[in-house]
Amino acid sequence: ILLLFVSGNSELYLITLLCASLHELIHILFIFLFSGELSAINFSIIGADIKRRSSLILSNIKEAVISISAPLFNMILFAIFYNFSGSYKCFSDVNFTLGLVNLLPFYSFDGGCFLKYMILSRYDEMKADKILTVTSIITVVIFCIFNILISIIDKKIHSSFLLCLFMVLSLVFKK
């Protein structure tokens, strides 16, 4: 969300909030479909944190589906509205950005959570954490190199550098 807000395009603000809200609603829908219960939803400039009641433990596969459902939904909305123009084009672009970023295999993104639960279906927690940490580091390095190359080609710094910074700091101060 932060990336889209720093773009300077005022049309993006409401569309971004709408797309992010739909994203989180899809997570909530799948939590309820799997008989989960919510205890809190916390919003911040980097997204939402959905807290569930700890009394219900879902299978790793169900957790993986919950994690991947929202970014896939964003990508479906992107595909549906891709050929439209005006505000619909903006809606499509925002959904693409939210979906793509959340699909990255980075530990705190939906793609990273999906990967973790898929790994946990075969390995223990310690092995899954190691694999996810290595995958997250590789993702950050590739993403940052890609951003540097794009900035060199375009001769300007893009707002996606904020995402690079966020990812690096998240790894450094990982809980």
Side-chain angles (χ1 to χ4, degrees), residues 1-36 38 40-52 58-121 132 135-136 138-140 142-144 146-147 150 158-171:
I1 296 173
L2 177 63
L3 287 177
L4 298 171
F5 277 114
V6 299
S7 71
N9 183 341
S10 60
E11 182 184 19
L12 281 178
Y13 299 150
L14 289 175
I15 292 174
T16 300
L17 289 175
L18 172 64
C19 294
S21 297
L22 289 171
H23 176 98
E24 298 306 332
L25 283 172
I26 294 300
H27 283 308
I28 292 167
L29 173 69
F30 275 86
I31 290 169
F32 285 138
L33 284 175
F34 294 136
S35 301
L38 301 179
I41 303 173
N42 300 316
F43 294 96
S44 72
I45 194 69
I46 57 170
D49 182 24
I50 301 170
K51 303 272 189 214
R52 291 184 271 160
L58 300 174
S59 71
N60 290 325
I61 298 300
K62 286 181 179 179
E63 293 286 1
V65 169
I66 291 168
S67 298
I68 205 71
S69 61
L72 289 179
F73 181 75
N74 289 120
M75 297 309 269
I76 290 168
L77 289 176
F78 159 72
I80 291 170
F81 290 95
Y82 177 73
N83 288 320
F84 287 75
S85 61
S87 294
Y88 293 112
K89 173 76 168 113
C90 186
F91 181 77
S92 175
D93 293 346
V94 170
N95 273 296
F96 177 77
T97 303
L98 285 173
L100 183 66
V101 168
N102 275 288
L103 285 172
L104 291 174
F106 184 72
Y107 84 96
S108 63
F109 295 170
D110 293 335
C113 293
F114 171 78
L115 180 61
K116 177 184 178 182
Y117 290 117
M118 293 307 291
I119 295 168
L120 282 172
S121 65
L132 188 57
T135 304
S136 295
I138 292 169
T139 300
V140 169
I142 291 170
F143 192 76
C144 290
F146 176 76
N147 273 281
I150 294 297
H158 295 269
S159 60
S160 56
F161 269 110
L162 288 174
L163 183 59
C164 290
L165 180 63
F166 170 79
M167 292 167 74
V168 169
L169 291 175
S170 292
L171 281 175

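This structure is a prediction, so every number in the text was calculated from the model and none was measured.
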Item checked: side chain to side chain contact (heavy atoms under 4.5 Å, CB included) between Leu103 and Ile68, intermediate numbers included -> CA-CA 7 Å; Leu103 285 172; Ile68 205 71; 3.4 Å; yes
Item checked: Step-by-step side chain to side chain contact (heavy atoms under 4.5 Å, CB included) determination, Phe32 to Ile28 -> CA-CA 6 Å; Phe32 285 138; Ile28 292 167; 3.4 Å; yes
Note to self: For Asn95 and Ile80: C-alpha separation, side-chain torsions, deciding distance, then whether side chain to side chain contact (heavy atoms under 4.5 Å, CB included) applies.
What the structure shows: CA-CA 10 Å; Asn95 273 296; Ile80 291 170; over 6 Å; no
Next item on the list: Run the numbers on Ile66 and Phe34 for side chain to side chain contact (heavy atoms under 4.5 Å, CB included), then give the verdict.
Entry: CA-CA 9 Å; Ile66 291 168; Phe34 294 136; 3.7 Å; yes
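At least one donor-acceptor pair closer than 3.5 Å links the side chain of Ser59 to the backbone N or O of Lys62. Listed for the Ser92 side chain is no donor-acceptor partner under 3.5 Å among the backbone atoms of Tyr88.
In terms of heavy-atom proximity, Ala20 sits nearest to Leu98 at N-CD1, 3.6 Å. Annotation for Ser121 and Asn60: closest pair N-ND2, 3.7 Å, computed over non-hydrogen atoms. Contact between Phe91 and Leu77 at its shortest, heavy atoms only, is CZ-CD1, 4.0 Å. Between Ser67 and His27, the shortest heavy-atom contact is O-CE1, 3.3 Å. Closest approach of Met118 to Ala64, counting heavy atoms only: SD-CB, 3.7 Å. The minimum heavy-atom distance between Met167 and Phe106, with the atom names listed, is O-CZ, 3.3 Å.
The distance from the CG atom of Leu104 to the CZ atom of Phe109 is 6.0 Å, given to the nearest 0.5 Å. Put simply, CG on Asp110 and CG on Leu72 are 9.5 Å apart, with the number rounded to the nearest 0.5 Å. In this structure, OG in Ser160 is found 14.5 Å from CZ in Phe166, a value given to the nearest 0.5 Å. Atoms CZ and CZ, from Phe161 and Phe143 in turn, are 9.5 Å apart once rounded to the nearest 0.5 Å. With rounding to the nearest 0.5 Å, the separation of CG in Leu29 from CD in Glu24 is 13.0 Å. Between atom CZ of residue Phe78 and atom SG of residue Cys19 there is a gap of 12.5 Å, rounded to the nearest 0.5 Å.
Val65 has its side chain out of reach of Leu33: every pair of non-hydrogen atoms, C-beta onward, lies at least 4.5 Å apart. You'll find the side chain of Tyr107 stays beyond 4.5 Å of the side chain of Thr139, heavy atoms only. Two residues are said to be in side-chain contact when any heavy atoms from C-beta on lie closer than 4.5 Å; Lys89 and Phe81 fail this criterion.
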